[in-house]
Amino acid sequence: MSAISSSSRALHRLIYASRVAIPAADVEHEVGAIIRASIRNNREHALTGLLLVHDGWFVQALEGPAQAVMERYGRIVDDPRHADAKVLAAGPAEAREFGDWNMCARDMSAADEAILDALALRAAFQPAGLSGPSALRLLRAVRGIQERTQLSGLG
Ligand SMILES: Cc1cc2nc3c(=O)[nH]c(=O)nc-3n(C[C@H](O)[C@H](O)[C@H](O)COP(=O)(O)O)c2cc1C
């Protein structure tokens, strides 16, 4: 195996923030369509991740083989359902953080918003200004909510 091909397969994570560009009445339907397409495509390319939809913003983590992450991001960024995408973090990752989901979307309910308080993000949710580590902390917190909600749903 050459060094180049092994690095193109090494685990990478990319996190970006973008503005939702979908009429409010259509957001739920469109996010559902995005998730269905994502699960289909991401499974095929060994991509996993989490998509947060909150207050007019998307924040998404995509992780998987470096080349697959960059190619998929290249397509996502051209999607007219969002705008002003800004990469907050991109680089090699030691392990998957969102390995349970080929893609999972999470909206923040009023109760969940306590998490934004804890992260000092609530007053003005401006994820495009987050550092890479802060963006990862935010999505990890969202992952925690998602896991707890799924568990309570099973009970
Ligand atoms: C915020 C956002 C996140 C998206 N995330 C993904 C993703 O993780 N995987 C994916 O395949 N498509 C994602 N999409 C959809 C892509 O932009 C594109 O519509 C899709 O990959 C094309 O699917 P197709 O190859 O079945 O036509 C996303 C779109 C938006 C607006």
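For the single chain, residues carry numbers from 1 onward in sequence order. Indexing begins at 1, ligand by ligand and atom by atom, following the structure's order.
Connectivity analysis of hydrophobic side chains (ILVMFWY, heavy atoms under 4.5 Å, direct or indirect) links F58 to L14, Y16, V20, I22, V27, V31, I34, I35, I39, L47, L51, V53, L62, V69, M70, Y73, I76, V77, V87, M103.
The shortest N or O to N or O distance between S18 and ligand 1 is not below 3.5 Å. For ligand 1, one of its N or O atoms has an N or O atom of R40 under 3.5 Å away.
Protein heavy atoms come within 4.0 Å of atom 19 (O) of ligand 1.
In this structure, CZ on R19 lies 8.0 Å from CG on D55, to the nearest 0.5 angstrom. The line from CG of L11 to CD of E94 is 9.5 Å long, rounded to the nearest 0.5 Å. In this structure, CZ on R140 lies 4.0 Å from CD on E97, to the nearest 0.5 angstrom. To the nearest 0.5 Å, atoms CZ (R43) and OG (S38) are separated by 11.5 Å. One finds the CG atom of L52 at 10.5 Å from the CD atom of Q60 (value rounded to the nearest 0.5 Å). The structure places CD of E147 at 4.5 Å from CH2 of W101, a figure rounded to the nearest 0.5 Å.
Interface of Q60 with ligand 1, defined as ligand atoms under 4.0 Å from a residue heavy atom, comprises 3 (C), 4 (C), 5 (N), 6 (C), 7 (C), 8 (O). Proximity to M103 (heavy-atom distance under 4.0 Å) selects the following atoms of ligand 1: 8 (O). When each atom of ligand 1 is checked for a heavy atom of N42 under 4.0 Å away, the hits are 7 (C), 8 (O), 9 (N), 10 (C), 11 (O). With ligand atoms numbered from 1 in the order given, ligand 1 contributes 1 (C) to contacts under 4.0 Å with heavy atoms of F58. Set against the non-hydrogen atoms of Y16, the atoms of ligand 1 under 4.0 Å away are 1 (C), 2 (C), 3 (C).
With sequence neighbours excluded, the residues that form a side chain to side chain donor-acceptor pair (under 3.5 Å) with S18 are H82.
Under a 4.0 Å heavy-atom criterion, E30 is not in contact with ligand 1.
Closest protein heavy atom to atom 24 (P) of ligand 1: N41 ND2, 3.8 Å. For atom 16 (C) of ligand 1, the closest heavy atom belonging to the protein is D79 OD2, 3.5 Å.
Contacts between L62 and ligand 1, counted as non-hydrogen atom pairs separated by less than 4.0 Å, involve the side chain only. Contacts between I76 and ligand 1 below 4.0 angstrom, taking non-hydrogen atoms only, involve backbone and side chain alike.
Using a 4.5 Å heavy-atom cutoff, the side chains of V59 and I15 are in contact.
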